[in-house]
S.K.: 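Could you have a look at this structure, given as structure tokens, before my questions?
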Amino acid sequence: MPSNFAIAVHGGAGTISRALMSPERERAYHQALEQVVQAGFEVLRHGGLALDAVEVAVRLLEDCPLFNAGRGSVFTHEGRHEMDAAIMDGRNRSAGAVAGVRNIQNPISTARRIMEHSDHVLLAWPGAEDFAREQGQAFQPDGYFFEQSRFDQLQEARITNTVQLDHGSQPIKVKKLGTAGAVARDQHGNLAAATSTGGMTNKRYSRIGDSPLIGAGTFADNHTCAISCTGNGEYFIRAVAAYDVACLMEYRGLSLEEACRIVVHDKLAPVGGEGGLIAVDAAGNLALPFNSEGMYRGTQTADSPLVTSIYKE
Ligand code: ASP
């Protein structure tokens, strides 16, 4: 009986306050996360690859307007959507990523095409869009990505002249970081990670976050772990956060949980690196640490039922 397969997904972390969340909105998040976990888990249950499970999961997160990725991406300063995404295969550490792309329906699938059908790891801006077109990837008009609540956030961020990681319908003071990600371990012992984001509200100058940077926001290696991060990208880049978890496991022999705790709570939190990450190791153990008030997340393993959560329990 194959065991130890597992999946974890996240839909962003931040100051997610119970007091400001309506019951309807909370239900909508739980339902969406449930569907995403279920879809990824089905791939694993049927003996599919971790790589396929994380792509399926992140595509669904990108299609759901609740999450800051794909369709639900936040607005740039100019009122556009510029998306970043990365995928990594723990079997051989192959990886693909896109940065600053516009109008691509599922940037995570473009990242996978880059991994599998190009000699490169990271493509950006119009060049990446040309590649996506050549690969037959679906494009959508600007209207597909329009969300009134996120447009309102942009107006507030413009007035205060701040760059906001916020998303959702809460006032701008309520800080919610947004991004979507998945990590998985399949029945064959393979690990994979995928992350996709619209980045930060009011971002400009072609700002790129940690999500598409291998080792910062996304990492996978069968020998150690698969990681997808969410949070204040600049801090995660400087911390090389995802790879640091793998390094602590490989070079110091720490458990997944201990390595994640050190990175999220001891290294990122003290310097203002707010957010969290989801992680799975070679044995199928999961860790979902965050130093913010909440993180949209969901898990299911061969031995434990589907669980979705938002706040600190
Ligand atoms: N890490 C993402 C970025 O900095 C945003 C987030 O996770 O909220 O682009």
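Just follow the structure's listing: the first ligand is 1, and inside any ligand the first atom is 1.
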S.K.: Is G233 close to ligand 1, meaning an N/O of one under 3.5 Å from an N/O of the other?
M.R.: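 Between G233 and ligand 1, an N or O pair is found under 3.5 Å apart.
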
S.K.: Would T197 count as being in polar contact with ligand 1, using the rule that some N or O on each side must be under 3.5 angstrom apart?
M.R.: no

S.K.: Just go through E274, R207, E234 and tell me whose heavy atom is the nearest to atom 4 (O) of ligand 1.
M.R.: R207

S.K.: Against the six-membered ring of F75, is R80 placed for a cation-pi contact (under 6.0 Å from the centre, within 45° of the normal)?
M.R.: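 The answer is no; the distance or angle limit is not met.
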
S.K.: Side chain, backbone, both or neither: which part of H10 comes within less than 4.0 Å of ligand 1 when only heavy atoms are counted?
M.R.: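 None of H10 does.
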
S.K.: May I ask you to list the atoms of ligand 1 that are less than 4.0 angstrom from any heavy atom of G178?
M.R.: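 This gives 5 (C), 6 (C), 7 (O), 8 (O) as the contact atoms.
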
S.K.: Checking R207 against Y205: charged group under 6.0 Å from the ring centre and within 45 degrees of the axis?
M.R.: no

S.K.: Out of all atoms in ligand 1, which are within 4.0 Å of some heavy atom of G199? Include the element for each.
M.R.: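 So the atoms of ligand 1 that pass are 9 (O).
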
S.K.: Would you kindly confirm whether V56 and F5 end up in one hydrophobic cluster when ILVMFWY residues are joined by side chain heavy atoms under 4.5 Å apart?
M.R.: no

S.K.: Counting from 1, what ligand 1 atoms have a heavy atom of G209 closer than 4.0 Å?
M.R.: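 Counting from 1, the qualifying ligand atoms are 9 (O).
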
S.K.: Any salt bridge between R261 and E258, counting N to O under 4.0 Å?
M.R.: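 Looking at E258 together with R261, the answer is yes, because their closest N to O distance falls below 4.0 Å.
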
S.K.: Counting only heavy atoms from other residues, nucleotides and ligands, does the tally under 6.0 Å from CD of Q38 exceed 12?
M.R.: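 More than 12 within 6.0 Å, yes.
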
S.K.: Salt-bridged, D186 to R45, with N to O below 4.0 Å?
M.R.: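 Between R45 and D186 there is no salt bridge, as every charged N stays at least 4.0 Å from the carboxylate O atoms.
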
S.K.: With heavy-atom distances below 4.0 Å as the criterion, list the atoms of ligand 1 near T179.
M.R.: 1 (N), 2 (C), 5 (C), 6 (C), 7 (O), 8 (O)

S.K.: Looking at Y144, does the NZ or CZ of R71 lie under 6.0 angstrom from its six-membered ring centre and within 45 degrees of the ring axis?
M.R.: yes

S.K.: Heavy atom of G231 under 4.0 Å from ligand 1?
M.R.: yes

S.K.: Enumerate the atoms of ligand 1 whose separation from the nearest heavy atom of D210 is less than 4.0 angstrom.
M.R.: 1 (N), 2 (C), 3 (C), 4 (O)

S.K.: Following the transitive rule for hydrophobic clusters with a side-chain heavy-atom cut-off under 4.5 Å over Ile, Leu, Val, Met, Phe, Trp and Tyr, establish whether I7 and F67 coincide in one cluster.
M.R.: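 Yes, I7 connects to F67 through the hydrophobic network.
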
S.K.: Short list, please: which atoms of ligand 1 are under 4.0 Å from a heavy atom of T230?
M.R.: 6 (C), 7 (O), 8 (O)

